[in-house]
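What follows is a short report on a single structure.
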Amino acid sequence: MTDHKFVYEFSEGDASMRNLLGGKGANLAEMTGLGMPVPQGFTITTEACTQYYLDGEVINDAIKAEVMTYITKLEEITGKKFGDPANPLLVSVRSGSRASMPGMMDTILNLGMNDTVVEAFAEKTNNPRFAYDSYRRFIQMYSDVVMEVGKSYFEELIDEMKEARGVKQDVELTAEDLKELAAEFKAQYKAKIGSDFPSDPVEQLFGAIKAVFRSWDNPRAVYYRRMNDIPGDWGTAVNVQSMVFGNMGDTSGTGVAFSRNPATGDPGLYGEFLMNAQGEDVVAGIRTPETIDQLKTENPAVYDQFVEIVSKLENHYADMQDMEFTIEEGKLFMLQTRNGKRTAAAAFKIACDLVDEGKITKEKAVSMIDPKQIDALLHPQFDAAKLAAAQPIGKGLPASPGAATGKVSFTAEDAAARGKAGEPVILVRLETTPEDIEGMHYAKGILTARGGMTSHAAVVARGMGTCCVSGLGEVSFAADGKSFSLGGKTFTENDWVSLDGSTGNVYGEEIDTVPAEVGGYFGRVIEWADEFRTMKVRTNADTPADARQAREFGAEGIGLCRTEHMFFEADRIAAIREMIVSKTVEQREAALAKLLPMQRGDFEGIYEAMEGLPVTVRLLDPPLHEFLPTDEDDINALAAEMKLEVAELKEIIASLHEFNPMMGHRGCRLDVTYPEIGAMQTRAIIEAAINVQKRHPEWKVVPEIMIPLVGEVKELAFVKKIVTDTANAIIAEAGVELDYLVGTMIEIPRAAITADEIATEAQFFSFGTNDLTQMTFGFSRDDAGKFLDAYYQTKIYESDPFARLDQNGVGKLVKTAVDLGKSTRPDIKLGICGEHGGDPSSIEFCQQVGLNYVSCSPFRVPIARLAAAQAALKAK
Ligand code: ADP
Ligand code: MG
Ligand code: MG
């Protein structure tokens with residue numbers, strides 16, 4: 001496809017071309033169109049990236065030629081020439097995908113430099129230090145990207161040099177030092193790669209472009225995509241942009257700024273800059289930057305110009321902007337703008353403020369918040385009493401709010417491993433790099449010695465909703481990296497630390513945390529969301545406490561009340577065990593009679609907590625053997641209670657063993673074999689409802705009884721008859737009026753594809769997408785962890801089907817069941833109660849197929865309310 005256009009000058013694009021040009025490229029184009037000072041350049045499209053992979057990871061000749069045409073155009077615009085020592089064009093090569101992936105891709109600055117160019121450049125600028133600084137940065141970034149050794153590798157060489165010279169700051173290194181560093185970097189390159197560092201700018205350019213394309217597939221990019229639901233086939237664009245220099249001396253500098261405070265949402269410019277610095281110096285936290293206000297004194301004219309641009313950009317995009325800029329010898333250049341990442345608290349405040357300022361509608365306010373972020377708002381805070389008794393041992397920057405307590409971990413791998421195993425850990429690092437992302441994800445909190453509010457650690461932690469304190473310079477690490485000292489105490493990985501991400505305080509002890517409260521701006525937005533939402537949001541709750549919590553978060557009913565969890569409590573498990581090992585119906589009924597009042601009490605508590613809202617109770621579901629005693633004492637006690645020989649009891653226990661319990665004697669099969677179980681549970685549900693209805697005539701209690709694991713309509717009819725016979729008899733005997741519904745879970749593929757038959761018996765369907773996913777894929781959730789990683793690496797799967805509904809497969813079954821169910825029972829009530837009920841992308845799917853409600857765990861209820869509103873707005 002030779003006539004296909006793969007390259008666009010900034011002046012040829014605009015913000016609407018994000019899919020093609022990537023976020024960075026589209027916004028550079030938009031700023032160019034707005035007449036802002038943007039160093040000119042061009043964007044190689046995301047389609048070129050896709051083409052690169054289609055062609056077997058090569059840049060084809062047509063694309064190469066097109067890029068060279070645009071280099072020529074750029075030479076004309078800038079009046080400089082690529083590789084010409086007399087007047088060199090130097091460029092940056094910057095990645096930029098559709099969705100922003102901070103720090104996931106690598107940027108190369110000062111490309112076009114070589115031994116000849118740098119000499120001439122030193123002479124021309126009359127600033128050898130600057131020339132060699134630019135050169136060594138280029139070699140460093142290029143080598144890092146090509147060699148994939150990680151940024152710290154070269155930073156170590158710089159640190160060694162600084163130590164040898166007895167200086168603390170990069171800026172104190174002389175031109176000669178930097179020249180020596182450049183040579184050293186090139187030697188490292190040759191040693192690792194086996195060939196000389198490329199001196200031809202064109203070769204450098206294509207090497208860099210290729211590296212950006214390749215970085216789309218590096219493990220941390222793949223991991224980030226999986227975490228953020230970004231499809232692997234989007235590809236990244238590449239921006240080639242003429243360089244401006246913030247490292248030219250004391251009238252030059254570079255910085256980042258937000259149009260509002262990204263931590264609190266407070267209005268007003270917020271940012272940091274460094275004079276005589278380039279690129280990522282500010283975010284890398286190598287020197288501690290100055291706050292943006294100080295630019296007012298440093299260069300008032302540039303400050304005023306910048307403030308004007310910021311306000312123009314914010315109004316233009318109608319959202320808080322995150323911008324990068326460079327000042328070259330007193331002249332301002334804009335290098336990037338995008339909708340800024342922000343904490344959950346800031347997201348809600350900004351949305352409300354923008355509505356109040358008349359800049360956006362309520363619909364936009366609801367749509368602009370990432371529902372997953374709400375999690376952070378619901379995150380723990382320190383127990384106030386415990387906090388009052390604790391003394392901070394240090395104070396860093398409040399980089400990402402929330403409170404965290406855990407044991408020290410020094411490496412990302414360690415944090416990931418211990419975090420996965422359920423241990424609360426705090427990742428303590430000099431600074432973080434994109435390689436650390438998985439460890440950061442599993443850590444309860446992050447503490448760094450270096451870095452400002454816009455450092456990598458801070459940005460990524462805020463995005464994840466993880467508590468972070470950055471830039472605590474007093475943290476000093478032992479040489480072996482296995483301990484650090486702070487506030488006169490040494491900490492190893494067995495020690496507790498606690499972080500307050502809202503104040504920056506660090507404590508050298510464990511401090512209990514408590515759940516957060518919600519309200520204020522959050523409350524306003526979530527109420528708007530409820531106006532637009534068409535699906536109901538229910539919760540999965542097994543106890544009155546969970547039910548109340550969910551009500552506080554706005555749950556409109558219970559979509560799944562599991563009865564088995566109630567059985568594990570110490571006083572009940574004995575009765576359950578008696579029931580399981582009973583040899584006769586009489587024995588079993590006697591055991592069930594002990595359970596009846598307990599279950600009835602449980603349900604009364606739940607109905608009370610839900611104040612007349614619908615409650616779906618699922619009959620006993622798990623394999624019986626889960627309840628069996630395993631230790632000798634329990635077995636002896638049970639034998640005594642049941643008046644059985646121990647040996648005989650052990651035989652019964654052995655007979656209950658199952659090879660594949662997940663597909664064994666469980667769900668409605670229990671009621672088919674032991675109808676008295678279903679009868680007892682129905683009695684408990686109905687009697688509880690009658691009692692609560694009597695106490696609260698103003699409510700309308702309508703129990704929904706759900707029969708699990710149905711795969712065949714006759715099986716459902718059989719169990720349903722037990723339920724209705726029992727319920728009708730109780731209601732008649734009590735002489736009251738009580739409506740109730742009987743429905744089923746759709747969690748076996750056979751139920752989904754015979755849903756028209758099932759619906760003749762079921763008054764409602766609730767999609768149990770955990771089991772439905774297991775049964776459709778044929779692997780269990782508990783075992784999938786062992787091999788799913790390999791599936792992500794080989795790109796067979798992009799995301800965990802248990803976290804995000806597999807719309808293609810499992811979703812097709814859901815859709816089929818919805819359509820078939822409605823065909824025989826048009827008014828059938830439809831909901832979902834698997835984990836997916838709290839996942840935004842799955843919620844959108846539920847909206848599309850026409851479910852009436854989603855049900856999720858209490859802490860996900862606010863997320864689901866917002867996600868459901870967004871789904872409804874999208875469907876409009
Ligand atoms: P990221 O996506 O990681 O933020 P960028 O492509 O934005 O990477 O580049 C990182 C930094 O490099 C920018 O913040 C900017 O300071 C600097 N930079 C990029 N291109 C140029 C350029 N043409 N001139 C000067 N600095 C640049
Ligand atoms: Mg970066
Ligand atoms: Mg950037």
Side-chain angles (χ1 to χ4, degrees), residues 10 21-28 31-32 37-44 74 77-78 80 88-113 130 133-134 137-138 140-142 144-145 151 205 208-209 211-212 215-216 218 220-221 224 236-248 252-258 271-286 289 321-329 331-341 432-434 437 452 454-456 458-460 463:
F10 291 166
L21 303 179
K24 198 178 285 167
N27 288 334
L28 283 167
M31 285 198 289
T32 300
V38 176
Q40 284 306 288
F42 54 84
T43 304
I44 305 164
L74 190 56
I77 295 172
T78 58
K80 297 176 181 169
L89 170 65
L90 299 180
V91 296
S92 64
V93 175
R94 317 171 65 187
S95 66
S97 65
R98 269 196 233 182
S100 115
M101 296 171 61
M104 289 298 110
M105 306 279 181
D106 301 291
T107 292
I108 296 171
L109 303 179
N110 311 330
L111 187 142
M113 282 267 187
F130 154 67
D133 186 45
S134 305
R137 285 170 189 270
F138 166 57
Q140 180 177 345
M141 287 183 255
Y142 191 92
D144 172 32
V145 164
K151 291 200 172 45
L205 179 65
I209 293 170
V212 173
S215 79
W216 175 252
N218 75 29
R220 44 182 216 268
Y224 186 91
T236 180
V238 185
N239 301 289
V240 177
Q241 185 175 28
S242 57
M243 282 302 302
V244 287
F245 297 96
N247 54 339
M248 268 209 181
S252 302
T254 183
V256 295
F258 294 85
E272 292 169 330
F273 73 102
L274 270 176
M275 294 312 274
N276 199 9
Q278 188 176 48
E280 308 242 273
D281 290 0
V282 179
V283 289
I286 291 159
Q321 293 300 293
D322 166 2
M323 296 147 298
E324 297 174 359
F325 63 94
T326 281
I327 303 162
E328 181 183 280
E329 301 199 305
K331 197 165 172 326
L332 175 69
F333 292 94
M334 296 301 296
L335 291 171
Q336 190 171 343
T337 193
R338 62 180 168 209
N339 294 340
K341 293 214 180 288
T432 65
T433 67
I437 188 134
T454 50
S455 67
H456 176 265
V459 171
V460 173

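For ligands, and for the atoms within them, numbers begin at 1 and follow the listed sequence. As the structure is a computational prediction, the values presented were derived from the model and not from experiment.
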Heavy-atom proximity to atom 23 (N) of ligand 1, best of Pro39, Gly96, Ser242: Ser242
Is ligand 1 under 4.0 Å from a heavy atom in the side chain of [X], in the backbone, in both, or in neither?
X	answer
Gln278	neither
Glu324	side chain
Leu335	side chain

Contact check: Thr107 vs ligand 1, nitrogen or oxygen atoms, below 3.5 angstrom: yes
Any N or O of Arg338 closer than 3.5 Å to N or O of ligand 1: no
Verdict with supporting geometry, Leu28 and Thr43, side-chain contact (heavy atoms from CB on, under 4.5 Å): CA-CA 9 Å; Leu28 283 167; Thr43 304; 5.9 Å; no
Closest non-hydrogen atom pair between Thr107 and Met141, with its separation: O-SD, 3.5 Å
Nearest heavy-atom neighbours spanning Leu90 and Gly112: CD2-C, 3.5 Å
Short list, please: which atoms of ligand 1 are under 4.0 Å from a heavy atom of [X]?
X	result
Gln241	20 (N), 23 (N)
Gln336	4 (O), 7 (O)
Thr254	16 (O)
Met243	22 (C), 23 (N), 24 (N), 25 (C), 26 (N)
Leu109	12 (O), 17 (C), 18 (N), 19 (C), 20 (N), 21 (C), 27 (C)

Thr32 and Gln40, any side-chain heavy atoms less than 4.5 Å apart: yes
Whether the side chain of [X] engages the backbone of [Y] through a donor-acceptor N/O pair (distance < 3.5 Å, no angle test) should be reported.
X	Y	value
Ser92	Arg94	no
Ser95	Val238	no
Asn247	Gln278	no

Heteroatom N/O/S of Gln336 within less than 2.8 Å of the Mg ion (ligand 3): yes
Atom pair CZ/CZ of Phe333 and Phe325 - distance to nearest 0.5 Å: 13.5 Å
